[in-house]
Number of protein chains: 2
Amino acid sequence: MKINANVCERLRFSLIKKTTIKDIANELNISPSSVSRALSDEPGVSPSLRKEIVDAAERLNYIPNSSAKSLKTRKTQTVGLIVSDIRNPFFLDFMSGIETVLFPRGYKFIVCDIGEDLEKERIYIKWLLEHGVEGILSSPCRGEDGRNNSQLYKEAVRRNIPVVFYDRILEGMERISSVTLDNRQAILQGVLHLKENGHRKLGIVLHKKGIYTIEERRMGFVEACKMLDIEINTGWIIENAVDVERASLSLESVLRSDRRPDAIISTNQFLNEVIVATVRGMGLKIPDDLSIVGFDDHSMNELIDPPLTTIRQPVKDIGKIAATILLSEIDGTRGDKSKVVLKAELLQRESVSKII
Amino acid sequence: MKINANVCERLRFSLIKKTTIKDIANELNISPSSVSRALSDEPGVSPSLRKEIVDAAERLNYIPNSSAKSLKTRKTQTVGLIVSDIRNPFFLDFMSGIETVLFPRGYKFIVCDIGEDLEKERIYIKWLLEHGVEGILSSPCRGEDGRNNSQLYKEAVRRNIPVVFYDRILEGMERISSVTLDNRQAILQGVLHLKENGHRKLGIVLHKKGIYTIEERRMGFVEACKMLDIEINTGWIIENAVDVERASLSLESVLRSDRRPDAIISTNQFLNEVIVATVRGMGLKIPDDLSIVGFDDHSMNELIDPPLTTIRQPVKDIGKIAATILLSEIDGTRGDKSKVVLKAELLQRESVSKII
DNA sequence: TTGTACGCGTTATCAC
DNA sequence: GTGATAACGCGTACAA
């Protein structure tokens, strides 16, 4: 009879009441402490009792309450991932990379798409801190005027929440690890390749002004030209090509002038597409009329006509390394901050002509 | 000894001590409840005191502790997003879509990449439930043998955690809302377009067997052919094209036979690329030797040669709608479960030839 | 309007 | 090996 009532009760309440370690303790007539110990794989509980507890937990459909656990332990097994703009195909492989590192360690991640918006970045950082993430992976934003949220990142670090910058960094933050690309060397490879193929009149299309990677690529372009004795025509440096209209309009006007470049370097996958479309739209043949070196390697770059010669960055590795560093900083097993700089590789396909 | 321990504790915590509403209360010689009320924008505290409290919170760098809050309120302002394979470009626009809905409502999301792995899906659902997410968006997995995690999803619903399926569903789960594509009608459009252009010998390349969308597309193909009086050659239905090798090998052997199709329909972006690459590799001209209708529209489909005629699904809308439904179910303002089915559109470009 | 007291579910620190 | 008890930080009846 009593058993029956119990069963009914349980059935009735299974819709609402969540079972806690206390319930398990009552069921087994033991103390909550033992249950906690058993379920957390801590020592100090006999094998036989442990088995009983685990079985009861299973039977009662027990699901631990992480909020309560976090409140006590200050651990949430969660990290925050701040992305500059989630529509960038960069993030597919990148997220795949960090996931392969985080999952085996039991860490989840919260995705925060800031869409290149400083204010949104601010809000998300606040949320992450409130949420109790144990670490933050971020590709920080920077306004054209140089404004940024460095103070907030510092605040996170001060609270012992490690931050790892990937892809982009904020200057002057020595206490934050980073994983970036050697952007200058990346562009140098592109310029060198063009020079080796006889090109001397080079242009470059740059995405949003102020973004760390873009500024680096701009400077890399200038440096490379100087180093390789290539004359720089500032009119061929197209800046702030943030959307399709702007990018294609600027590019068109450059290509229509009498003195026009014979090769163009891109600075991200979005621009690769815009450049190819624009050039084709003008009726120019690639690479006969204009050579192109792309940046970022989407699998489809190989399928367009002609296959695009591209500067490829090891996106998945960037993700893996960033996540690995973050975890070790969470563990506290890392003293110094790491500043990892990876190299790009040039994928030679057929969008660069050999002249002379 | 005891004192010493205390001192140590103090020292350890001095660097990382977080300010709580209690600290603010002490600072201002008021009670914690007033602080709580003021900071949660609840009524019942005078404007002057409220201002003092807000200022003090700011000054002391107060950050609320969501774990404590969740423990009380059982709300985490977090939902789980289960994705079948994060490397699918589908998820770029999709996530962008859900973010635009969740962010204004103060909801964050945890991304779980299950990589078409049932066991991983199981683990992630467990984690999400433990974490206390208020809802789950999922594109559920299904093994070739039909195995799936429907029991776990039911468990979530039983615990009052609403689940919304997107892109894929699990049959026989009436109590779960879903947002999917009308896959059969999508394929029908492709078949119809081919027929209108004079094609009668149609093949289709299908991705992983068992996946809901793929099975639907397979059946849609068969249905459409029957409806339009097109003879089906089962040899031209290429199944389980899960990776590059398998897909291109099967396709090649079909295209090499004497009786070969004059048009091929693809079933996702990954296959679009494989098909184009394979066909080109065989030296066949598109669309003269073979017409192709792609599925899923990546921006680069327009740039390949020839521009790919494609069946496009409204990915971002799927995300927005799924997130909207989930939020309303969390709010409890929705009685019946919704089964939203969206239509695909055919983007006519140049990969289909007009014969006679 | 403000303050008191308790509990959310868990772990940690003691005793025994 | 096991149990009692006290936090963790917050919200919320209830009392004042």
Side-chain angles (χ1 to χ4, degrees), chain A residues 16-53 56-57 60-77 129-132 134 159-160, chain B residues 1-6 8-10 12-13 16-53 56-57 60-77 129-132 134 159:
Chain A
I16 315 164
K17 175 81 170 101
K18 292 163 183 144
T19 77
T20 69
I21 52 169
K22 229 168 171 176
D23 300 323
I24 300 177
N26 286 340
E27 175 87 2
L28 266 45
N29 279 320
I30 56 175
S31 80
S33 335
S34 295
V35 179
S36 170
R37 279 188 281 257
L39 263 24
S40 311
D41 287 319
E42 302 246 335
V45 52
S46 69
S48 61
L49 183 56
R50 169 164 273 142
K51 184 173 172 355
E52 266 192 90
I53 292 172
L60 298 178
N61 256 313
Y62 170 71
I63 292 186
N65 180 324
S66 324
S67 296
K69 186 172 188 156
S70 305
L71 185 55
K72 218 27 214 174
T73 63
R74 331 193 91 124
K75 301 226 154 272
T76 52
Q77 295 281 107
L129 258 24
E130 293 181 6
H131 191 96
E134 295 181 40
R159 287 173 186 265
N160 266 325
Chain B
M1 225 35 174
K2 195 159 183 199
I3 293 164
N4 227 327
N6 245 327
C8 281
E9 182 111 326
R10 276 268 171 69
R12 233 164 37 80
F13 271 61
I16 40 176
K17 175 79 172 95
K18 291 155 185 151
T19 78
T20 69
I21 52 169
K22 226 170 173 174
D23 299 323
I24 299 178
N26 287 340
E27 176 87 0
L28 266 44
N29 279 320
I30 54 174
S31 80
S33 39
S34 293
V35 180
S36 169
R37 279 188 281 258
L39 296 178
S40 311
D41 287 319
E42 300 248 337
V45 52
S46 68
S48 61
L49 182 55
R50 168 163 275 142
K51 183 172 174 358
E52 266 193 86
I53 292 172
L60 297 178
N61 257 315
Y62 171 70
I63 292 186
N65 180 325
S66 324
S67 295
K69 188 171 188 156
S70 305
L71 187 54
K72 248 330 242 195
T73 64
R74 333 196 86 120
K75 301 229 154 273
T76 51
Q77 295 281 104
L129 258 22
E130 294 181 5
H131 190 95
E134 294 181 42
R159 287 172 186 266

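Below, chain A is the first sequence line, B the second, and so on; all start at residue 1.
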According to a strict under-4.0 Å criterion, is [X] in side-chain N/O contact with OP1 or OP2 of [N]?
| X | N | result |
| --- | --- | --- |
| B:T20 | D:dG9 | no |
| A:K69 | C:dT11 | yes |
| A:S34 | D:dG3 | yes |
| B:R74 | C:dG9 | yes |

Regarding [X], tell me which of base, sugar-phosphate or nothing describes its non-hydrogen contacts under 4.0 Å with the strands shown.
| X | result |
| --- | --- |
| B:S36 | base |
| B:P32 | nothing |
| B:K72 | base |
| B:S40 | sugar-phosphate |
| B:S70 | nothing |
| B:S46 | sugar-phosphate |

- Nearest-nucleotide comparison on DNA chain C, the residue closer to the 5′ end among A:E42 and B:S31: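 Upstream on the strand: B:S31.
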Can you measure [X] atom [atom1] to [N] atom [atom2] for me and round it to whole angstrom units?
| X | N | atom1 | atom2 | answer |
| --- | --- | --- | --- | --- |
| B:K18 | D:dC10 | NZ | P | 11 Å |
| B:L71 | D:dC8 | CG | P | 14 Å |
| A:I53 | D:dG3 | CD1 | C1' | 12 Å |
| B:I30 | C:dT4 | CD1 | C1' | 14 Å |
| B:I24 | D:dG9 | CD1 | P | 13 Å |
| B:N26 | D:dG9 | CG | P | 13 Å |
| B:Y62 | D:dG9 | OH | P | 10 Å |
| B:D23 | D:dG9 | CG | P | 8 Å |

Strictly distance-based, threshold 3.5 Å: is any side-chain N or O of [X] a donor or acceptor partner for the main-chain N or O of [Y]?
| X | Y | answer |
| --- | --- | --- |
| B:T76 | B:G132 | yes |
| A:S36 | A:P32 | no |
| A:N26 | A:D23 | no |

- Message: If you assign B:T19 and A:P43 each to the DNA chain D nucleotide with the nearest heavy atom, which residue ends up on the more 5' nucleotide?
- Response: A:P43
- By nearest-heavy-atom nucleotide on DNA chain D, the more 5' of A:N29 and B:I21 is A:N29
- Query: Does the D:dG3 base have a donor-acceptor partner in the side chain of A:R37 within less than 3.5 Å?
  - Reply: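 Checked by distance alone, the answer is yes.
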- Message: With hydrogens left out and only the distance checked, is there a donor-acceptor pair under 3.5 Å joining A:S33's side chain and the base of D:dA4?
- Response: yes
- Value rounded to 0.5 Å, distance of NZ in A:K75 from NZ in A:K69: 11.5 Å
- Message: With rounding to the nearest 0.5 angstrom, report the CG to OG distance, B:N65 to A:S67.
- Response: 9.5 Å
- Message: I want to verify a distance call: between D:dC10, C:dT2, C:dG9, whose nearest atom is closest to the B:A68 side chain?
- Response: D:dC10
- Partner of A:Y62 by side chain to side chain contact (heavy atoms under 4.5 Å, CB included), out of A:V35, A:I53, A:T19: A:T19
